[in-house]
Amino acid sequence: MTYPLEEHFVRTNGVQLHVVQCGPAEGPLVVLLHGFPEFWYGWRHQMQALAAAGYRVWAPDQRGYNLSDKPRGSGAYRINHLGADILGLLDAAGQRQALLVGHDWGAAVAWWLAGHRPERFTRVAILNVPHPAVLGRALRRAPRQLLKSWYIFFFQLPWLPEKLFRRRQFRFGRGALRGTSRPGTFSADDLREYTAAWAQPGAVTAMINWYRAAFRYGGQQAKAARITVPVHILWGRQDAFLEPELAQLSLELCEQGQLTYFEQATHWLHQEEAAAVNALLLNFLSLSAA
């Protein structure tokens, strides 16, 4: 059975988020958090699989992205605000607890929520982003990771990153997707969807402000506690942005953790290895009801 994709606008934490939903209304809630430079569409290969298994799926455009509100200033994108947005979605759904899946920046928000509000989440799946304390250490001590993270520092500049991102019909963004993924992962139709999202007024600055806020207020992320919620880390070893050993180091901070490496997958593993990722997610998330 294919479930229709429902578009909703949900008030949470002082902003309005665009949330695409599907699946049975009474099913357990799964929240899918995208990263940079994506939007809800990044989960297109997972939503129907989760819905068919009986879950109610919410995939928001996080603040600053696509059709969601884009508050001004980097301070609006501090990690505590991003986490509060998601807690507000749970409240709007009438759910005390939910299952959480995050990729890239969405995984950073998921780590923060798992560390600070573990009582709200029964299980958390993390795709290709390390625990914030691990990433912080790597940026200070690991030259290879520092080199891979050059763009974080470039994004601290005023206006120039936005200008580069927008020029030649968002060539930078399209290159970030196609240039770091396996051939065929992002079709021409997919890239049209992405460029439409990036073209929303204020979106490029808002997306980059996530990085500016992390740089300026990053101490809040690095202080995340040990993770007590069950966590499954899924990691593509061919990630162009993050060293694979960061996943193992993150696992060591999880009291109930497991790690699965995808040997040939890149940073975009949920799109390259959709069937395998879906199977692992369904198995992991179903254990919350066991």
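As the structure is a prediction and not an experimental result, all values here were calculated from the model.
- Side-chain contact of T260 with W235: a donor-acceptor pair under 3.5 Å is absent, judged by distance alone.
- Of the residues listed (F36, F155, Y65), the one engaging W210 in a ring-ring contact (aromatic ring centres under 6.0 Å, His included) is Y65, and it is the only one.
- Ring centers of F172 and F165: under 6.0 Å apart, within the cut-off.
- Aromatic rings from Y217 and Y77 are positioned such that their centres are separated by 6.0 Å or more.
- In this structure the side chain of L17 reaches within 4.5 angstrom of the side chain of V15, judged on heavy atoms.
- Separating the CG atom in L177 from the CG atom in D190 is a distance of 9.0 Å, to the nearest 0.5 Å.
- The minimum heavy-atom distance linking F241 with A176 is given by the pair CZ-O, 4.4 Å.
- Summarising the geometry of E273 relative to A265, their closest heavy-atom pair is CG-CB, 4.0 Å, with the distance given to 0.1 Å.
- Salt bridge absent: E245 and R144 never bring a charged side-chain N and a carboxylate O closer than 4.0 Å.
- To the nearest 0.5 angstrom, W112 atom CH2 is 12.5 Å from H131 atom NE2.
- Counting heavy atoms from C-beta outward, Q264 and R182 have side chains that approach closer than 4.5 Å.
- Note that CG of L285 and CG of L50 are 6.5 Å apart. Values are rounded to the nearest 0.5 Å.
- Side-chain contact check for Q258 versus V231: every heavy-atom pair is 4.5 Å or farther apart.
- Ion pairing between E162 and R212 holds under the 4.0 Å rule for side-chain N and carboxylate O.
- Contact annotation: the side chain of F170 approaches that of V204 to within less than 4.5 Å [non-hydrogen atoms, C-beta and beyond].
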Give the C-alpha distance, both sets of side-chain angles, the deciding distance and a yes or no for side chain to side chain contact (heavy atoms under 4.5 Å, CB included) between F9 and L67. CA-CA 9 Å; F9 287 88; L67 301 181; 4.2 Å; yes
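- Shown here are the side chain to side chain contact (heavy atoms under 4.5 Å, CB included) partners of E263, two or more places apart in sequence or in another chain: R237, Y261.
- When every heavy atom of L282 is checked against every heavy atom of A53, the shortest pair comes out as CD2-CB, 3.5 Å.
- Of the possible polar contacts, one joining the R44 side chain to the Y41 backbone as a donor-acceptor pair under 3.5 Å is found.
- The backbone N or O of G236 sits less than 3.5 Å from a side-chain atom of N128, completing a donor-acceptor pair.
- The CE atom of M47 sits 13.0 Å away from the OH atom of Y3 when rounded to the nearest 0.5 Å.
- Residues P24 and A51 share a closest heavy-atom pair of CD-O, 3.6 Å.
- Taking the ring axis of F186 as reference, the NZ or CZ atom of R178 does not stay both within 45° of it and closer than 6.0 Å to the ring centre.
- The side chain to side chain donor-acceptor pair (under 3.5 Å) test applied to Y194 returns E38, not counting sequence neighbours.
- For the residue pair A108 and V129, the shortest heavy atom distance occurs at N-CG1, 4.0 Å.
- Atoms NE2 and OG, on H18 and S68 in that order, are 7.5 Å from each other to the nearest 0.5 Å.
- Other residues sharing a hydrophobic cluster with L147 under the 4.5 Å side-chain heavy-atom criterion for ILVMFWY residues do not exist; the residue is a singleton.
- In the hydrophobic cluster analysis, where Ile, Leu, Val, Met, Phe, Trp and Tyr join through side-chain heavy atoms closer than 4.5 angstrom, I152 is grouped together with F154.
- Both W268 and Y151 belong to a common hydrophobic cluster when Ile, Leu, Val, Met, Phe, Trp and Tyr are linked at side-chain heavy-atom distances under 4.5 angstrom.
- The 12-atom threshold is exceeded at CZ of R11, counting heavy atoms of other residues, nucleotides or ligands nearer than 6.0 Å.
- Residues I86 and L113 have side chains in contact (heavy-atom distance under 4.5 Å, counting atoms from C-beta outward).
- For H8, the side chain to side chain donor-acceptor pair (under 3.5 Å) criterion is met by E6, not counting sequence neighbours.
- Scanning for side chain to side chain donor-acceptor pair (under 3.5 Å) contacts around N66 gives D61, with sequence neighbours left out.
- Scanning for side chain to side chain donor-acceptor pair (under 3.5 Å) contacts around N278 gives Q46, with sequence neighbours left out.
- The shortest distance between side-chain heavy atoms of H232 and R123 does not fall below 4.5 Å.
- Closest of all the heavy-atom pairs between P71 and R63 is CG-NH1, 3.7 Å.
- A donor-acceptor distance shorter than 3.5 angstrom exists from the side chain of W111 to the backbone of P130, with no hydrogens or angles considered.
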Apply side chain to side chain contact (heavy atoms under 4.5 Å, CB included) to H34 and L32, showing your working. CA-CA 7 Å; H34 67 82; L32 306 177; over 6 Å; no
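- T195 places a side-chain N or O within donor-acceptor distance of the main-chain N or O of L191, the cut-off being under 3.5 Å.
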Check the pair H267, S181 against side-chain hydrogen bond (donor to acceptor under 3.5 Å, both in side chains), reporting the backbone distance first and the verdict last. CA-CA 7 Å; H267 188 70; S181 62; over 6 Å; no
Determine whether V31 and L29 satisfy the following criterion, side chain to side chain contact (heavy atoms under 4.5 Å, CB included), listing intermediate values before the conclusion. CA-CA 7 Å; V31 180; L29 178 63; 4.0 Å; yes
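- Comment: D239 does not engage K148 in a salt bridge, judged by the lack of any side-chain N to carboxylate O separation of less than 4.0 angstrom.
- No donor-acceptor distance shorter than 3.5 angstrom exists from the side chain of E255 to the backbone of V229, with no hydrogens or angles considered.
- Remark: of the listed residues V101, D104, L100, L100 is the sole one forming a side chain to side chain contact (heavy atoms under 4.5 Å, CB included) with L33.
- Side-chain atoms of L251 and L253, non-hydrogen and from C-beta on, never get closer than 4.5 Å to each other.
- No more than 12 heavy atoms of other residues, nucleotides or ligands sit less than 6.0 Å from atom CD of Q169.
- With rounding to the nearest 0.5 Å, the separation of CH2 in W105 from CG in L82 is 7.0 Å.
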Do S250 and I126 pass the side chain to side chain contact (heavy atoms under 4.5 Å, CB included) test, and can you show the C-alpha distance, the side-chain angles, and the key distance before you say yes or no? CA-CA 10 Å; S250 299; I126 299 288; over 6 Å; no
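- R120 has its side chain within reach of D91: a pair of non-hydrogen atoms, C-beta onward, lies under 4.5 Å apart.
- Under the side chain to side chain donor-acceptor pair (under 3.5 Å) test applied with T266, the options Q238, Q271, E272 reduce to a single match, E272.
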